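Only a predicted model underlies this, so the values are computations on that prediction, with no experimental measurement involved. Throughout, numbering of the chain's residues begins at 1 and tracks the sequence.
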Amino acid sequence: MTRPMLADLDPDQRPRERMLRLGADALSDVELVALLLGSGRRGSSALDTARELLVAHGGLRGLAGSGASGLLDAPGIGPAKATRLVAALALARRFGTSTDRRATIRTPADLVRIATPLLHGPVDGRLVAVVGDRASRLVGAAVVAGVDAHAVPVAVREVLAETLRRGGETLGLVHRHEAGAPGVTAVDRAVGAAVAEAGAHCGVRLLDHLVLTGDGWASAAAGPG
């Protein structure tokens with residue numbers, strides 16, 4: 001059965017009109033992705049293309065973990081659409097670490113909750129810095145550019161520069177290992193120890209250094225933060 005093109009739908013049933021009338025929460029994932037795409041391809045509407053993307057990536061979570069290069073393999077997805085999708089999904093992840101509510105980093109579980117959205121996708125050595133003020137109230141969280149969490153020596157300067165740039169005085173580090181890989185390694189402990197030692201000289205206290213492994217996590221901190 002051939003699905004109707006957007007132009008064939010009743011105007012009130014098109015995603016853009018439905019959003020304007022009912023709000024974004026009334027739209028399905030397919031409709032929201034279609035709005036980001038803006039158009040489909042010859043013989044296939046934006047809704048069809050959005051549906052195919054979600055099926056191919058196992059749903060919204062899988063799509064969110066795909067980079068622009070992975071999306072370019074899909075029919076009808078060029079650089080403009082791929083980067084638009086990735087940018088929108090990145091904003092959604094950043095919203096999850098928003099400082100609007102001034103969350104306090106009290107436990108390792110808080111670090112995991114804040115950092116996990118920034119670690120979706122391939123396990124590629126990304127190191128997330130969760131930055132807090134003196135009272136451990138969240139200031140912000142970001143993947144530290146130019147740092148490989150699996151490398152020794154770790155780029156301590158970049159980690160602390162990210163913290164100080166945000167005005168932070170407390171810091172939590174989080175990175176991922178492949179599922180099934182060993183938990184905390186000697187390299188992980190060396191990373192935490194190096195950051196803790198250097199941070200103590202510039203007024204930054206390391207709260208914890210967590211390693212995510214599959215569905216769990218473990219602390220790689222050398223001692224209490």
Provide the closest heavy-atom pair for Ala46 versus Gly38 in the form atom of the first, atom of the second, distance.
-> CB-C, 4.5 Å
Check for a donor-acceptor pair, side chain of Arg205 on one end and backbone N or O of Gly199 on the other, with a separation under 3.5 Å.
-> no
Interatomic distance, NZ@Lys81 vs CG@Leu53, rounded to 0.5 Å, equals 9.5 Å
What about Val123 and Val143, same hydrophobic cluster or not, with Ile/Leu/Val/Met/Phe/Trp/Tyr joined at side-chain heavy-atom distances under 4.5 Å?
-> no
Correct closest heavy-atom pair for Cys202 and Leu160 would be SG-CD1, 3.9 Å
Side chain to side chain donor-acceptor pair (under 3.5 Å) partners of Arg165, counting only residues at least two apart = Glu162
Are any of the side-chain nitrogens in Arg106 or Asp110 under 4.0 Å away from the carboxylate oxygens of its partner?
-> no
Is the side chain of Thr170 donor-acceptor paired with the backbone N or O of Asp133 at a distance under 3.5 Å, no angle test?
-> yes
Let me see the working for His120 and Leu89 under side-chain contact (heavy atoms from CB on, under 4.5 Å), right down to the final yes or no.
-> CA-CA 11 Å; His120 282 314; Leu89 293 166; over 6 Å; no
In chain order, what residues pass the side-chain contact (heavy atoms from CB on, under 4.5 Å) check against Glu169, with sequence neighbours excluded?
-> Arg134
OG1 of Thr116 to CG of Leu111: how many Å apart, nearest 0.5 Å?
-> 10.0 Å
Is Arg41 close to Asp48 at the side-chain level, that is, under 4.5 Å between some pair of heavy atoms?
-> no
Rounding to 0.5 Å, atoms NE2 (His175) and CG (Leu118) come to a distance of 15.0 Å
For Asp148 and Val154 the tightest heavy-atom approach is O-CG2, 4.4 Å
Ile114 CD1 to Leu138 CG distance, which is reported to the nearest 0.5 Å | 4.5 Å
Heavy-atom side-chain proximity of Val184 to His209 below 4.5 angstrom = no
Among the clusters formed by ILVMFWY side chains lying less than 4.5 Å apart, do Val211 and Val112 turn up in the same one?
-> no
Where Ala50 and Val30 come nearest, the two heavy atoms and their spacing | CB-O, 3.4 Å
Where the side chain of Thr83 meets the backbone of Pro79, is there a donor-acceptor pair that is under 3.5 Å apart?
-> yes
Within residues 13-42 or reaching into it, pairs that qualify as ring pair (Phe, Tyr, Trp, His ring centres under 6.0 Å) - sequence neighbours excluded = none
Nearest heavy-atom neighbours spanning Ala155 and Gly146 = CB-O, 4.3 Å
Please report the shortest heavy-atom distance between Asp208 and Ala221, naming the atom on each side.
-> OD1-CB, 3.4 Å
Interatomic spacing from CZ in Arg176 to NE2 in His150 - rounded to 0.5 Å = 9.5 Å
Give, for atom CG of Leu171 and atom CG of Leu207, the distance between the pair rounded to the nearest 0.5 Å.
-> 7.0 Å
